[in-house]
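Okay, so here's the structure we're looking at.
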Number of protein chains: 2
Amino acid sequence: MNRAITAEKSHPANEVRISTRTNAQSGKHCPRSIDVSCASCRLSELCLPIALNENEVDRLDKIVRRNRPNKKGSHLYRQGDRFKSVYAVRSGSFKSYTLTSNGRHRVAGFFLPGEIIGMGGIASKTYVSSMIALEHSSICEIPFNQLERLSQQLPSLQQRLFAIMGNEIAKDQDIHTLLSDFTAEQRVASFLLGLSSRFSRTALSVTHFRLPMSRNDIGEFLGLTLETVSRITHALQRKGIICVNYRDIELTDIEALRDVVEPT
Amino acid sequence: MNRAITAEKSHPANEVRISTRTNAQSGKHCPRSIDVSCASCRLSELCLPIALNENEVDRLDKIVRRNRPNKKGSHLYRQGDRFKSVYAVRSGSFKSYTLTSNGRHRVAGFFLPGEIIGMGGIASKTYVSSMIALEHSSICEIPFNQLERLSQQLPSLQQRLFAIMGNEIAKDQDIHTLLSDFTAEQRVASFLLGLSSRFSRTALSVTHFRLPMSRNDIGEFLGLTLETVSRITHALQRKGIICVNYRDIELTDIEALRDVVEPT
DNA sequence: CGTAGTGTTGAATTGAATCAAGTGTCGTGG
DNA sequence: CCACGACACTTGATTCAATTCAACACTACG
């Protein structure tokens with residue numbers, strides 16, 4: 001049915017290499033390139049640099065490490081590792097998961113470009129979950145003690161950090177609502193809407209995207225089984241609200257989808 | 001069965017008044033008193049002042065407002081109110097709740113002495129949940145822009161704030177696990193253990209305490225109905241693991257309770 | 001001392017999990 | 001480049017844990 005050509009697909013993996021070419025449209029570098037500075041990164045309006053002036057971004061830039069891209073399935077860090085850095089997703093996507101006491105997986109969250117990873121480890125000095133790349137991805141590493149020191153000198157950076165962390169806390173409250181109040185159908189609908197709005201900041205289309213995660217991942221995140229996720233997506237399709245083809249999702253009626261989450 | 005005399009009960013409500021008497025045992029003021037300084041507050045090892053030196057605590061102390069005690073059922077703030085301050089619980093307890101789209105309540109969390117309230121509002125500049133006193137309680141108000149300014153000058157305060165917020169993020173992940181993975185029995189057991197360890201920092205007994213919240217509150221927090229909470233607590237009692245008498249809880253076999261959460 | 005609110009308990013119902021069998025897709029190695 | 005095998009996904013039948021509905025008991029507060 002849907003032959004999706006997503007933004008991801010337009011960057012074949014073998015195109016990822018050191019590059020200094022500028023992005024034709026925006027004058028900003030493709031975030032896949034290793035040597036992109038914060039000032040020239042296409043994601044600078046989403047990420048840490050918001051509200052920093054040119055000089056401040058330069059100073060932030062000096063402590064950011066742009067590592068080699070992460071292969072699909074590779075770990076950024078593991079639960080229990082010593083906390084050293086937070087990370088900003090540059091391209092691709094990650095999932096964080098914990099191993100529960102009974103040995104089962106549980107997905108704690110998904111992370112898309114522009115989002116900050118690893119803040120759960122600040123207090124305990126230990127990462128509280130493992131982080132794994134869902135596809136070929138790249139990140140910026142920011143050593144936290146340096147970030148702390150710098151935000152001591154740059155009030156707007158400190159402010160930005162408090163805001164990012166406060167936002168994380170607020171977001172977790174929404175997940176709490178979802179898990180304690182919502183039916184399976186509401187959860188899946190809410191999940192798709194959330195992904196859509198997060199994709200909208202970087203992807204080509206708000207209504208048509210490719211899921212980077214499996215049904216099982218979605219289930220473990222939403223507190224459902226993979227079978228239920230599959231059943232629900234197809235039920236939503238039968239109602240004409242979305243169009244599913246494996247990981248290819250098209251939201252054909254966003255209003256109806258919102259109505260599933262909050263019946264009016 | 002259990003005639004509980006809790007720490008709370010030993011401070012009759014009418015004892016709460018302006019006072020400069022020092023606490024006989026510790027030389028520190030009773031946290032109920034309105035004019036207790038941070039330096040002399042019994043909770044200083046739990047709250048913001050940890051890791052601050054004398055001079056730093058004094059400067060923090062200057063921006064803290066010690067408001068009149070909150071009556072049971074009174075609101076500290078409401079969902080949607082403009083964010084101005086974070087609060088430290090001095091005595092008593094609070095619950096935060098949100099009104100979901102369908103008009104139902106949902107309890108986001110409970111807050112005990114020494115814990116910090118309101119950080120979800122930092123990013124949006126608006127409180128994301130309402131906060132209500134579960135009993136006669138008192139708090140310290142800390143205007144956030146002043147706190148930000150001060151932590152710009154005091155590295156250890158900034159560090160402490162990052163740690164508190166990071167801890168909040170890590171804690172939310174545990175709740176996520178609880179809600180997506182645990183059975184009703186595991187949730188209740190985990191909830192009781194969590195309360196116990198939090199009470200242990202300020203209350204007289206780790207194994208015997210009085211719940212400040214109703215079965216309905218617990219249910220809304222754990223994603224269960226009040227009937228289920230009631231059934232489970234009595235099932236745990238029948239197994240000899242706890243002893244319930246309305247809001248009076250005694251953990252008679254903590255090891256067995258841990259075993260309910262993580263079967264070995 | 002009465003009553004509204006809070007908690008307990010039972011029976012019936014149901015939404016999602018589990019168990020099970022099959023189909024489709026994609027990455028890999030020949 | 002194609003074929004194979006592993007994995008991901010779909011779909012159906014059955015089971016079960018928790019909800020819902022309902023009636024009643026206890027407590028605590030004015």
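Quick note on labels: first sequence line is chain A, next is B, and so on, each numbered from 1. Just the heavy atoms: all of them, side chains too, but no hydrogens, waters or symmetry mates, feed the values below. A quick note: this is a predicted structure, and the numbers were derived from the prediction, not measured.
- The interatomic distance linking A:R104 (CZ) with C:dA17 (P) rounds to 10 Å, in whole Å.
- Between the side chains of A:D217 and A:H105, no donor N or O sits under 3.5 Å from an acceptor N or O.
- Distance CD (B:Q237) to P (C:dT9): 9 Å, rounded to an integer number of Å.
- Distances shorter than 4.0 Å separate none of the side-chain N or O atoms of A:S214 from OP1 or OP2 on D:dA8.
- Contact of B:R215 with D:dT27 (side chain to base): no donor-acceptor pair of N or O atoms is detected under 3.5 Å.
- Residues A:Q79 and A:T98 have side chains that never bring a donor and an acceptor to within less than 3.5 angstrom of each other.
- When the nucleotides D:dT10, C:dT18, C:dG7 are ranked by their closest atom to the side chain of B:R247, C:dG7 comes out on top.
- Proximity note for B:L224 (side chain, C-beta onward) versus C:dA17, D:dA18, C:dT8: the nearest is D:dA18.
- Distance, A:I249 CD1 to D:dC9 P: 10 Å, rounded to whole Å.
- A:S91 and A:S138 share a side-chain donor-acceptor pair at under 3.5 Å.
- Contact annotation: A:T225 side-chain N/O to C:dA16 OP1/OP2 distance is not under 4.0 Å.
- Checking D:dT19, D:dT11, C:dG7 against the side-chain heavy atoms of A:S230 singles out D:dT11 as nearest.
- Mapping B:V229 and B:K72 onto DNA chain D by nearest heavy atom places B:V229 at the nucleotide closer to the 5' end.
- At a cut-off of 3.5 angstrom, counting only N and O atoms as typed in the model, there is a donor on one side and an acceptor on the other between the side-chain of A:R231 and the base of C:dT18.
- One can place CD1 of B:I232 at 11 Å from P of D:dA17, the figure rounded to the nearest angstrom.
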Go through the steps for A:Y77 and A:Y87 under the test side-chain contact (heavy atoms from CB on, under 4.5 Å), then give the verdict.
CA-CA 11 Å; A:Y77 52 75; A:Y87 300 86; 3.7 Å; yes
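- The distance between atom CG of A:N245 and atom P of C:dG24, rounded to the nearest whole Å, is 12 Å.
- In this structure, B:E227 places its CD atom 12 Å from P of C:dG7, rounding to the nearest Å.
- When heavy atoms are screened at a 4.0 angstrom cut-off, B:G219 is found touching no nucleic acid atom at all.
- One can place CG of A:D248 at 12 Å from P of C:dT25, the figure rounded to the nearest angstrom.
- Side-chain proximity of A:Y246 to the nucleotides C:dT25, C:dA20, D:dC26 is greatest for C:dT25.
- B:F182 places its CZ atom 21 Å from the P atom of C:dA16, with the value rounded to the nearest Å.
- For B:S200 and B:S197, the side-chain atoms include no donor-acceptor pair closer than 3.5 Å.
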